[in-house]
Every structure is written in C-alpha cells, then in structure tokens.
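Everything numeric here is computed off the predicted structure, so don't read it as measured data. In the text below, chain A, chain B and the rest are named by the order of the sequence lines, each starting its count at 1.
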There are 2 protein chains.
Amino acid sequence: MTYCCGILVKDGLVMLADTRTNAGLDNISTFRKLHVFEQPGERVMALASAGNLAITQSVLTVLTDGIENPLTGEIETLMNAPSLFLAAQRIGRAVRTVSRIEGPALKAEDINFDVSFLFGGQIKGAPMRLFMVYPAGNFIACTTDTPYLQIGEHKYGKPVLDRAISYDVELYDALKIGLISMDSTMRSNLGVSPPIDALLLRNDACTAELNIRIEDDDPYFRALRRQWSEALRAAYQSIPRPPYGHSKA
Amino acid sequence: MTYCCGILVKDGLVMLADTRTNAGLDNISTFRKLHVFEQPGERVMALASAGNLAITQSVLTVLTDGIENPLTGEIETLMNAPSLFLAAQRIGRAVRTVSRIEGPALKAEDINFDVSFLFGGQIKGAPMRLFMVYPAGNFIACTTDTPYLQIGEHKYGKPVLDRAISYDVELYDALKIGLISMDSTMRSNLGVSPPIDALLLRNDACTAELNIRIEDDDPYFRALRRQWSEALRAAYQSIPRPPYGHSKA
C-alpha cells in the first residue's frame, strides 16, 4: 500500500508520501514515491505515485525520457511543459502509453492497471497547482473548497484533513496536519510506513523550501505521534458520558 | 454504505449501526440494520448487517424461520441455539443457504455476494461474546487483544477505536467512543447516516440495558459531534509546528 497527500493552501503546497511497497505481506521494501523536478527559480514540480510499482516506475521513465509529439516532433517532458495543466496532460499521456504496452498482459494475469498520481507545483509567473491523475490518464485539479487530494490508502487519514484543513491554514501547519494524517494511516494500516518524504513549496519561490525525508526516529515526528495520541485520548475523555440508560454521566 | 461496530469490554457489549441504505447516490432510504433477539433474563443477542440489503434481509428471514437440521429434524433458530458459537454457525448456514439460492443469478448479473454480520450477545450462564460472519459463512470471534469488530465502511472510524478502546474501558465510555467512531465515518462518507441504533448489554443481565435509536437531532449526539470537532481542532493546534526549513515553530 501507499499513502500520499497533497495540500494546497494560500501560501503554497505541501506534498507527503510514505515509502513502503509490498507484494503480499512478506515482500516489503522501501521505494521513493515522491519525485521532485526542479529548475530553481523557474519551475518546481513533484509527482507522488500510488499503485503497482512496475507501472508507476514505467510511467516515470516515459515522462523523464519524454514523449515525441507527432505534430511538432518535440520531445515533451515535464521540464519543458508550458503549463502545469499541460504537464498533467503529459502525465496522462504517459499513463496511457504504459497502459497500451503493459495493459493486455496484466489483464491476462487478472491484474488491475492500478496507478494514480498526485502532481503539483508551479511554473514562474503562473499559480501553484495540484492535480490527481487517474488510471485512465484523466485528471482533476484541486480547488480552494477542498484544498487537498489523496491517493492510495486514503480513508484513515481523511477525517483529520476534513476537519483541520482549510485554504487559509499556514503552510507549516498544513505540513503538521499532513503528518498527523500520515500518522493516522500508519497506525491503522501496516502497508503504510516511514520514512516519509515531505515537500513544501512556497508560492512564487519556484524552488523547494523543504524537500526532506523524515525517518521513523525523527525527534519531531516521534513527538507529534505521541502528542497526537495523548491529545486524542484527552479529547474523548473530555466529552461527557452518554446520558442514556443507567449511565453515571 | 453502512457502518456497524461492536465493542466487547470487561463489563459487556456495545453495538452500533447506522440506518442508511443506498442504491447509487439517488435512491436513499432508512432501514434498520441492528436486530435484537431477546428472551429477558435468559438470552439476548443482536445481529448487525452490512452489504446487499436483499441478501441481508433474506438471511434474517431464513434465521427467523429457522433451518431444519437434517439429522434431528429440529428447526434451528437463534433463539433455540445452545450457545453463541452455535448460533454464529447457524448464521453462517443461513448465509450459505441464501448464497445457494441467490448466488448464481447475482453472479450472472456481475453482482458480488456482498454481506457481512456482527453477531453478539449472551446466553445465561455463558460469557458475553461477539463474532463477525463473512460472506462465505465462516466467522471469527472478538478477543480481549482487539476488543472491537467492524463491518461496512470501517476505515474512517478505525483510528479512534485503535487508540481509545481497550478491554478495560467502562461500558458507557465504550458507547461514547463508538459514537465518535460513527461520527468520524459520517463526516467522511455520505453513505453512512443517522439515525443510529445503539445497543448496550451488561454482563449477566441477559436483557438489553439500552436499546435506543439516536436521531440526528439528539441533544447529546449533537453535542458530542460538536465537542469532538472542537477537541480535535484544539488537539492539532496544541502540537508545535514542524521545526524543519523556514518554519517559525
């Protein structure tokens, strides 16, 4: 499994991804799922992936090598895309390319073409954006109403995002809430696990303000996990007992 | 969708179920999913169901009418089962009976035989127990290590159970935590909705101490939802900002 989330707030973008891959329960490895493409001061983009690792790696390779545009002859990559929207389209095209090559053999083995991406970033002079790309290569954009997107094992970590994230949240608070969401997921699903790759992009910097790997023994992350557990415990203890029946409320 | 949970603690059992059913997004109804079987002072049992409503209703009818034992000629129901374990077996048999009758036609329409049950209660002189019955009719029992079981849309409400429930939790606190888990699920999934049916069984009473329907406008449930939201907000606000990068922690 995998859990990735992207949070798009007024000051910028946070993206988080775990690093666990597993085939069944006993073939567990660490793979980077958050890939950063950067030309400092000009453009910074990141792609987080979930799903079948063979497919996501192939899509990444197709994107890095580039796809030739049959009309212009240009080799189209993320780094030369004129806009984030067109870059997202190129990801969709790469997904469809891999689907054409690998899809029939996977189908014959009854394996789903299971892949999804979060793609975010900024090109100088244009706004910061965040997209989610589906297995069919189509995609949606994140908006201010629900300023986050998730892929992979998204349910456990959604309640805290639903309650805590709004477009006005401070950028490092968004990172903190994303880490709490990651912690909730890790606590309930063994297939999501540290280290956590974290990226923080501030509007108009066009370079990563933060691009770090948070290890399991990171002192802040350990404290956050402990404090969140304690705070949750205090939270439900603070709510009165139900007044129904023979309760001594 | 549906969300049901059962929590088995040292003093007894709590079972909760929502009441929403939907076929697609626009055919939404209210159906009871928590069914109580009671002979006060002798036995009290409850069955919570998730999955295809046509299947769960058929299983319930088969169980209520009883299945003839080919060896003894006895009509076997939940009310005359010698033990909770044997009652759970009878549920499994009812599931298999319905599967035999309905399964092939559903398969022809590409509809999964999707059904699961939580079954809990006590027969006088024997311990309180809780089981989960799968679509194949097999089942597991709840133990003290993880003293809860869930069916239906279980992921959103699991983090709070994972953190808050232990076997030593007071019975009405277990009800409170169950309602928080229900609230987390309702907040993130439209397919789970009030009213909530709630059952509380205290050890050795062999009759329901509480068997109520909690409506959306129930004052305690409304307060719990508001307080939990506020407590969560306070909880993540109390955690310091990440110290990485340019954070003003």
Side-chain angles (χ1 to χ4, degrees), chain A residues 153-164 170-173 175-181 183-185 187-189 198 200 202 205 208-212 214 218-221 223-249, chain B residues 14 153-164 170-173 175-181 183-185 187-189 198 200 202 208-212 214 218-221 223-249:
Chain A
E153 181 59 277
H154 63 283
K155 293 189 179 183
Y156 301 114
K158 188 167 183 287
V160 66
L161 296 178
D162 277 338
R163 284 202 165 83
E170 201 272 346
L171 201 45
Y172 282 89
D173 280 343
L175 173 60
K176 177 176 82 175
I177 295 163
L179 288 173
I180 294 173
S181 174
D183 170 51
S184 295
T185 310
R187 185 83 166 72
S188 290
N189 187 321
L200 185 146
R202 190 173 294 276
E209 179 165 320
L210 199 69
N211 180 5
I212 56 172
I214 300 171
D218 178 273
Y220 173 76
F221 191 49
L224 173 139
R225 301 191 71 179
R226 185 179 39 75
Q227 286 163 0
W228 180 244
S229 262
E230 286 165 8
L232 275 193
R233 201 163 300 124
Y236 67 76
Q237 281 166 354
S238 74
I239 295 177
R241 276 188 191 155
Y244 319 120
H246 301 245
S247 170
K248 290 159 202 79
Chain B
V14 168
E153 181 60 278
H154 63 282
K155 292 188 180 184
Y156 300 114
K158 189 167 184 285
V160 65
L161 296 178
D162 276 339
R163 285 202 164 84
E170 201 270 346
L171 201 44
Y172 282 88
D173 280 343
L175 173 60
K176 177 176 82 175
I177 295 162
L179 288 172
I180 295 172
S181 173
D183 170 52
S184 295
T185 310
R187 186 83 167 73
S188 290
N189 188 320
L200 185 146
R202 190 173 293 278
E209 180 166 320
L210 200 69
N211 180 6
I212 56 171
I214 300 171
D218 178 273
Y220 173 76
F221 192 48
L224 173 139
R225 300 190 74 177
R226 184 179 40 74
Q227 287 163 359
W228 181 244
S229 262
E230 286 165 7
L232 275 193
R233 201 164 300 123
Y236 68 74
Q237 280 166 353
S238 74
I239 296 177
R241 276 190 188 153
Y244 319 120
H246 301 240
S247 168
K248 291 160 200 81

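- A search for side chain to side chain donor-acceptor pair (under 3.5 Å) contacts involving A/R225 returns A/D183, not counting sequence neighbours.
- B/L210 touches chain A through its side chain: at least one heavy atom from C-beta onward sits under 4.5 Å away, while N, CA, C and O do not.
- Centroid-to-centroid, the aromatic rings of B/Y220 and A/Y244 come within less than 6.0 Å.
- Looking at A/E209 and A/Y172, their side chains do bring a donor and an acceptor atom within 3.5 Å of each other.
- Between chain A and the residues B/S184, B/S229, B/A234, B/G245, the most heavy-atom pairs under 4.5 angstrom are made by B/S229.
- A/P242 pairs in a side-chain contact (heavy atoms from CB on, under 4.5 Å) with only one of the listed residues (B/L200, B/L224, B/L175, B/D218), which is B/L175.
- The residue among B/L179, B/T185, B/I214 with the most heavy atom pairs within less than 4.5 Å of chain A is B/I214.
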Check the pair B/W228, B/R233 against side-chain contact (heavy atoms from CB on, under 4.5 Å), reporting the backbone distance first and the verdict last.
-> CA-CA 8 Å; B/W228 181 244; B/R233 201 164 300 123; over 6 Å; no

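- Of the two parts of A/E153, only the side chain, counted from C-beta on, holds a non-hydrogen atom closer than 4.5 Å to a non-hydrogen atom of chain B.
- Within the 4.5 angstrom heavy-atom criterion, only side-chain atoms of A/I180, from C-beta onward, approach chain B.
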Take B/L232 and A/L232 through the test side-chain contact (heavy atoms from CB on, under 4.5 Å) and record every step on the way to the result.
-> CA-CA 7 Å; B/L232 275 193; A/L232 275 193; 3.3 Å; yes

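- A/I239 touches chain B through backbone and side chain together, each having a heavy atom under 4.5 Å away.
- A/R163 touches chain B through backbone and side chain together, each having a heavy atom under 4.5 Å away.
- To the nearest 0.5 angstrom, B/R187 atom CZ is 8.5 Å from A/K158 atom NZ.
- Heavy atoms closer than 4.5 Å to chain B are found in the side chain of A/I177, but not in its backbone.
- The choice from B/A231, B/P159, B/A223, B/G157 that makes the most heavy-atom pairs within less than 4.5 Å of chain A is B/P159.
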